[in-house]
**Student:** 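Pasting in a structure now, in structure tokens, and then I'll have a few things to ask.
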Amino acid sequence: MKLALSAAAFAVEDGVELTVTAKSYVRDLFCMADKVDVQTSVAEGMVSLLSGESVVLHIATADVAALADPGAFAAANVPRSANDLKREW
């Protein structure tokens, strides 16, 4: 299965910036940052992207472990979208 997006995360002064780029249409992108740190908050909500478009999501966290490994926020199970939903009938 081809992934509809790619993601890269970098530590910044007050958290992490997660850049998500669409490889194809991404519907209702959201960041499940609490999978990395339960105390996080994400400034942006559901975003849809066309192929080639990018969005930067700001993740506020003070967790030292999360800041030491910002790439954890770019893992496949953190940035999710409606594209990930599967119909199993």
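Computed from heavy atoms alone, side chains included, the values below leave out hydrogens, waters and symmetry copies. What you are looking at is a predicted structure, and each value in this text was computed from that prediction instead of being measured. Numbering starts at 1 and runs along the sequence shown.
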**Student:** Holding to side chain to side chain donor-acceptor pair (under 3.5 Å), I want the full list of residues that pass it with Thr40, two or more places apart in sequence or in another chain.
**Tutor:**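 Listed in chain order: nothing, the list is empty.
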
**Student:** Which atom names give the shortest non-hydrogen contact between Asn83 and Ala4, and what distance separates them?
**Tutor:** ND2-CB, 3.6 Å

**Student:** Restricting to pairs with a member in residues 72-82, which pass salt bridge (Lys or Arg N to Asp or Glu O under 4.0 Å), not counting sequence neighbours?
**Tutor:** Arg80-Asp84

**Student:** Within a strict 4.5 Å, meaning less than it, do heavy atoms of the Ser81 and Asp28 side chains meet?
**Tutor:** no

**Student:** Is it the case that over 12 heavy atoms from other parts of the model lie below 6.0 angstrom from the CD atom of Glu53?
**Tutor:**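 Yes.
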
**Student:** Taking only residues two or more places apart in sequence, or in another chain, which ones meet Ser54 in a side chain to side chain donor-acceptor pair (under 3.5 Å)?
**Tutor:** Thr21

**Student:** Got a sec, which hydrophobics cluster with Phe30, joining ILVMFWY side chains under 4.5 Å apart, including via others?
**Tutor:** Met32, Met46

**Student:** What side-chain donor-acceptor pairs closer than 3.5 Å can you find for residues 56-78, not counting sequence neighbours?
**Tutor:**
{"from": "His58", "atom 1": "NE2", "to": "Asp14", "atom 2": "OD1", "distance (Å)": "3.4"}
{"from": "Thr61", "atom 1": "OG1", "to": "Asp37", "atom 2": "OD2", "distance (Å)": "2.4"}
{"from": "Thr61", "atom 1": "OG1", "to": "Asp63", "atom 2": "N", "distance (Å)": "3.1"}
{"from": "Asp63", "atom 1": "OD1", "to": "Ala65", "atom 2": "N", "distance (Å)": "2.8"}
{"from": "Asp63", "atom 1": "OD1", "to": "Ala66", "atom 2": "N", "distance (Å)": "2.8"}

**Student:** Between Lys23 and Ser51, is there a side-chain heavy-atom distance shorter than 4.5 Å?
**Tutor:**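 Side chain of Ser51 against side chain of Lys23, heavy atoms only: no contact under 4.5 Å found.
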
**Student:** So, using side chain to side chain contact (heavy atoms under 4.5 Å, CB included) as the criterion, who are the partners of Tyr25 when residues are at least two apart?
**Tutor:**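 If we apply the side chain to side chain contact (heavy atoms under 4.5 Å, CB included) test to Tyr25, skipping adjacent residues, the hits are Arg27, Ser48, Leu50.
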
**Student:** Nearest 0.5 angstrom please: Glu44 CD to Leu18 CG, how far?
**Tutor:** 9.5 Å

